[in-house]
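All residue numbers refer to positions in the sequence shown, counting from 1. Note that this is a predicted model, so its numbers are computed, not measured.
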Amino acid sequence: MTIGDPIETFALPLGDGLVLCHPGKDRLAVLNPTGTTVWELLRAGLAQNDIASAFTRHFGLPVEQASTDVATVIAMIEEARLSGLDPPAGTGAPPVSSAALVCSSELQFGPNGDCGAFRFGDRVVRVLSSISDVGPDYFSRFRHRVATAAEADTLELSGDASRGYQLTLCHEIVAKVDSLTELVGRTNEFFLSWEHPEVDFLAYFHAAAVRRGASTILLPGVSGAGKSTLVGFLARQGYSYLSDDLVAMVASDWSLRPLPACLSIKSGSWPILQGFYPQLANSQTVRCHGRATRYVEPPETSGSAGTPSVILFPAYVKDAETHLGSLTPLRTMTRLLEANTDLNKPLTFDRVAEFLHFVETTPAYELSYADMPSAMNAIERLLENEA
């Protein structure tokens with residue numbers, strides 16, 4: 001269902017909620033049933049105070065609670081700049097100060113450090129970075145792709161949090177973003193496009209992925225959720241390793257293509273995986289996002305996999321009982337966005353609708369566990385049930 005002019009925000013149903021998207025802003029927001037009601041009343045022209053009064057009358061909520069709930073939803077919609085409306089009366093939305101806007105031509109960046117040259121597909125690229133958090137240590141995850149070609153394209157990462165970041169390819173700016181997370185994401189998307197040329201991707205997941213027989217498991221999660229440790233263990237228990245960090249989904253058939261990076265093992269996981277990866281003991285320790293990390297060259301893999309059989313959000317919880325819980329499509333979409341899932345740009349009605357169809361038709365679960373064998377047992381029972 002498209003709401004309003006085609007260039008404005010459109011809303012697509014997902015379960016008992018909505019997903020909002022504005023093609024011109026490339027932003028998504030997930031609304032639960034309460035948020036959906038607020039959105040529909042906003043589109044009908046009601047002001048915040050009128051919506052809160054309606055909630056008080058129809059749902060029997062205290063006035064203060066209704067006002068707080070409605071204000072929270074409207075603030076989220078306005079923060080994402082998805083309303084497509086002037087700020088409704090009573091929202092208290094602060095104006096954007098022109099002093100906060102910085103012209104990109106005023107950005108000045110420091111000297112770039114050489115992070116090495118790497119081969120992705122048929123392309124060799126030399127990476128330069130003036131950002132300490134994304135320097136040689138970070139890019140050593142591609143050490144198995146080191147190239148010695150004399151001629152290489154240059155890819156430069158530069159900027160900082162106060163002024164913004166930019167990505168330059170062969171001396172041409174190809175991306176300007178606000179956060180370091182976005183910059184790393186755009187860089188990895190370039191690597192994936194070179195590794196898998198002529199492939200139209202639907203989405204990029206900050207996720208691990210493994211395959212067992214005909215079943216493929218997508219494991220999204222924020223950094224520190226334990227994805228790398230879990231897939232490192234599974235890869236030594238008969239599962240095929242695909243990725244522990246970034247996976248792209250092909251638009252045509254939802255099949256997966258992994259970023260060709262080393263398995264990234266944080267210091268807390270070294271004792272757990274040492275017996276499976278003896279090379280860990282002699283691997284160089286680097287600092288990646290402030291954590292001591294060692295990279296292990298990935299096990300042999302085909303570099304692609306079929307459509308995910310399940311989406312699994314793993315979470316290591318010390319001394320916890322192993323628990324597997326199913327997720328609704330609306331909750332799955334929320335979790336995916338929290339894990340920095342990114343739809344390929346530009347966003348269109350058809351592209352978003354296709355991704356929501358994937359979310360609605362793919363079983364999703366959250367897994368909490370305290371040890372690897374119990375996690376694997378839960379996963380195998382899940383695959384048997386889904387089969």
Side-chain angles (χ1 to χ4, degrees), residues 1-2 6 10-15 19-24 26-28 30 119-123 174-175 182 185-220 231 239-261 298 300-313 327 329-330 332-333 335-337 339-365 383 386-387:
M1 176 179 64
T2 304
F10 58 78
L12 285 164
L14 181 63
V19 174
L20 305 183
C21 175
H22 192 298
D26 288 329
R27 291 173 179 267
L28 293 174
V30 180
R119 181 179 295 278
F120 299 98
D122 294 330
R123 191 158 191 168
V174 291
E182 291 176 287
R186 292 300 299 274
T187 302
N188 289 332
E189 288 169 17
F190 272 101
F191 295 162
L192 276 163
S193 69
W194 299 331
E195 184 74 9
H196 307 283
E198 301 180 2
V199 173
D200 178 25
F201 290 124
L202 176 63
Y204 303 94
F205 300 96
H206 182 205
V210 292
R211 187 176 60 242
R212 181 69 176 260
S215 299
T216 299
I217 308 170
L218 182 68
L219 300 105
V231 301
Y239 288 73
S240 297
Y241 171 86
L242 294 169
S243 174
D244 77 326
D245 186 65
L246 182 69
V247 182
M249 172 180 284
V250 178
S252 60
D253 59 5
W254 300 351
S255 61
L256 301 182
R257 301 290 186 274
L259 181 72
E300 191 68 29
T301 178
S302 64
S304 64
T307 302
S309 307
V310 295
I311 305 171
L312 188 65
F313 296 88
L327 297 173
L330 192 66
T332 301
M333 186 66 185
R335 293 290 299 273
L336 286 171
L337 293 182
N340 296 318
T341 297
D342 189 20
L343 269 65
N344 202 1
K345 308 297 190 301
L347 295 184
T348 63
F349 183 92
D350 290 342
R351 189 179 294 276
V352 177
E354 180 71 13
F355 187 75
L356 296 189
H357 182 46
F358 161 73
V359 172
E360 287 181 311
T361 56
T362 306
Y365 301 84
L383 294 179
E386 290 298 334

Where is the tightest heavy-atom contact between [X] and [Y], given as atom of each residue plus distance?
X	Y	value
Ala207	Val247	O-CG2, 3.6 Å
Tyr239	Val210	CD2-CG2, 4.0 Å
Leu356	Pro13	CD1-O, 4.3 Å
Phe355	Ala203	CE1-CB, 3.7 Å
Leu192	Pro258	CD2-O, 3.5 Å
Phe313	Thr332	CZ-O, 4.0 Å

Give, for atom [atom1] of [X] and atom [atom2] of [Y], the distance between the pair rounded to the nearest 0.5 Å.
X	Y	atom1	atom2	value
Met333	Thr341	CE	OG1	8.0 Å
Asn188	Leu246	CG	CG	5.5 Å
Glu354	Ser252	CD	OG	9.5 Å

* Asked: Does a sphere of radius 6.0 Å around CG in Asp122 hold more than 12 heavy atoms from other residues, nucleotides or ligands, not counting ones at 6.0 Å or beyond?
  ->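 Not buried by this count: 12 neighbours or fewer within 6.0 Å.
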* Kindly write out the residues that satisfy side chain to side chain donor-acceptor pair (under 3.5 Å) with Arg123, not counting sequence neighbours, or none if the list is empty. =>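 Per chain and number, Arg123 pairs via side chain to side chain donor-acceptor pair (under 3.5 Å) with Asp153.
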* Return the set of residues passing side chain to side chain donor-acceptor pair (under 3.5 Å) with Glu360 (not counting sequence neighbours), or none when no residue passes. =>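 In terms of side chain to side chain donor-acceptor pair (under 3.5 Å), with neighbours along the sequence ignored, Glu360 is linked to no residue.
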* Is a salt bridge present between Arg186 and Glu189, judged by a nitrogen-to-oxygen distance below 4.0 Å? ->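 Between Glu189 and Arg186 there is a salt bridge, with a charged N closer than 4.0 Å to a carboxylate O.
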* Is the Trp194 ring parallel, tilted or perpendicular to the Phe120 ring (thresholds 30°, 60°)? ->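 Judged by the thresholds at 30° and 60°, the geometry between Trp194 and Phe120 is tilted.
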* Asked: Distance-only, no hydrogens or angles: does the Thr307 side chain make a donor-acceptor pair with backbone N or O of Asp253 under 3.5 Å?
  ->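 Pair found, side chain donor or acceptor close to backbone of Asp253.
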* Asked: Do side-chain atoms of Ser309 reach the backbone of Thr216 as a donor and acceptor pair under 3.5 angstrom?
  ->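 Yes, Ser309 side chain to Thr216 backbone: donor-acceptor pair under 3.5 Å.
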